[in-house]
Amino acid sequence: MKKKIAIGACILAVLLVAGGLWYTRPRTFWEVTGMDRGQITGASGYAIESFYENGRPEQQVWEIEGLSPGQEDYEALLGLLENNTYRGHLSNLTAPFSDSQPGSEQWVTLNFAVDGELFSFNIPAVQTMTIPIPDSYGSWQYDASDSQLQAEVLQYLKANGE
C-alpha cells in the first residue's frame with residue numbers, strides 16, 4: 001500500500017513540475033498577447049518617468065500616437081517587442097497581479113487597435129510585461145528575455161514621442 005502511495009506521489013510531482021515547465025516556456029510576443037499582427041490597425045503609447053528634483057517629486061511624460069502598420073516608427077516599436085521571448089509567472093495561476101500602482105520610477109503603456117478593439121498592456125518594471133485579464137481588474141505577468149525591455153521601449157518613446 002505504501003509503495004502505491006509513493007508511486008502516486010512521484011507521478012503527481014512529475015506532472016506538477018512538467019506543467020510548471022510547460023507554463024513558463026518561452027513564448028513570442030504574439031503568443032503571449034493573443035494579437036494577430038495582420039489585424040492591428042494602429043498603435044500608440046506613453047511613458048512616465050518620475051524623479052526627485054529640487055526637493056519636489058517631478059514627472060516627465062512622453063507620448064507617441066498615430067502609428068500605423070507599414071510606418072517606420074510602427075515597425076521599430078514592434079521590433080522591440082518581437083525581439084524578445086516571454087515567460088509566464090507561476091503566480092499567474094494563483095492570484096492575478098494588480099498593476100494599479102506602478103511601484104517604479106518608470107512606467108510604459110502601449111496601446112494597439114486590433115480588429116476594432118483596444119488592447120493595452122504595461123511594462124511597469126525592468127523586464128516585466130503585464131497583460132490585462134479579460135473581464136477582470138487583474139493582469140498576467142510575463143518576464144521578457146531581454147532585461148532591458150523597459151529601458152529600450154522608454155528610450156524609443158523619448159526619441160520619437162512628444
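- You'll find the ring centres of Phe29 and Phe121 inside the 6.0 Å limit.
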Side chain to side chain donor-acceptor pair (under 3.5 Å) between Trp30 and Glu82, intermediate numbers included: CA-CA 8 Å; Trp30 303 111; Glu82 290 175 327; 2.9 Å; yes

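- Using a 4.5 Å cut-off on side-chain heavy atoms (C-beta onward), Asn122 and Val108 make no contact.
- Between Glu31 and Arg37 there is no salt bridge, since none of the side-chain N atoms of the basic residue sits less than 4.0 Å from a carboxylate O of the acidic one.
- The closest side-chain heavy-atom distance from Tyr74 to Ser68 is not below 4.5 Å.
- Ser120 approaches Pro132 most closely through the heavy-atom pair O-CD, 3.1 Å.
- Annotation: side chain of Tyr156 is in contact with side chain of Leu80 (closest heavy-atom distance under 4.5 Å).
- Of all non-hydrogen atoms in Arg87 and Pro26, the two that sit nearest each other are NH2-CG, 3.3 Å.
- The CD1 atom of Ile64 lies 5.0 Å from the CG atom of Asn160; values are rounded to the nearest 0.5 Å.
- Contact check for Glu162 versus Trp62: no side-chain heavy atoms found under the 4.5 Å cut-off.
- Of all heavy-atom pairs spanning Arg27 and Tyr142, the tightest one is NH2-CE2, 3.8 Å.
- Contact check for Thr130 versus Trp140: no side-chain heavy atoms found under the 4.5 Å cut-off.
- Side chains of Thr24 and Leu90 form a contact here, defined as non-hydrogen atoms less than 4.5 Å apart.
- Taking hydrophobic clusters as Ile, Leu, Val, Met, Phe, Trp and Tyr residues chained together by side-chain heavy-atom distances below 4.5 Å, Ile48 does not share a cluster with Tyr52.
- Between Ile131 and Val32 the shortest side-chain heavy-atom distance falls below 4.5 Å.
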Working for side chain to side chain donor-acceptor pair (under 3.5 Å), residues Glu49 and Gln106: CA-CA 4 Å; Glu49 190 169 41; Gln106 299 171 333; 2.9 Å; yes

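- For the pair Leu110/Leu81, a side-chain contact is recorded, criterion being any heavy-atom separation below 4.5 Å from C-beta on.
- With hydrogens and angles disregarded, no donor-acceptor distance shorter than 3.5 Å links the side chain of Arg56 to the backbone of Glu53.
- Separation of atoms CD (Glu63) and OG1 (Thr109) is listed at 10.5 Å; rounding is to 0.5 Å.
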Criterion side-chain contact (heavy atoms from CB on, under 4.5 Å) on Phe119 and Asn111, from CA distance to verdict: CA-CA 6 Å; Phe119 183 85; Asn111 307 297; over 6 Å; no

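- For Ile123 against Gln150, the heavy-atom pair with the smallest separation is O-NE2, 3.0 Å.
- The structure places CD1 of Ile11 at 7.5 Å from CG of Leu15, a figure rounded to the nearest 0.5 Å.
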Audit row: Asp146, Glu152, side-chain contact (heavy atoms from CB on, under 4.5 Å) steps and yes/no: CA-CA 10 Å; Asp146 181 2; Glu152 290 174 1; 2.9 Å; yes

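- By the neighbour-count criterion of 12 heavy atoms within 6.0 Å, atom CD of Glu58 is densely surrounded, having more than that number from other residues, nucleotides or ligands.
- At distances below 3.5 Å, not a single donor-acceptor pair connects side-chain atoms of Gln39 with backbone N or O atoms of Asp115.
- Gln141 places no side-chain N or O within 3.5 Å of a backbone atom of His89 that could act as its donor or acceptor partner.
- Closest of all the heavy-atom pairs between Glu65 and Ser44 is CA-CB, 3.9 Å.
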Full working for side-chain contact (heavy atoms from CB on, under 4.5 Å) between Asn84 and Tyr86: CA-CA 7 Å; Asn84 283 285; Tyr86 303 87; 3.6 Å; yes

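- Distance check, rounded to the nearest 0.5 Å: CG of Asp143 to CG of Leu149 gives 10.5 Å.
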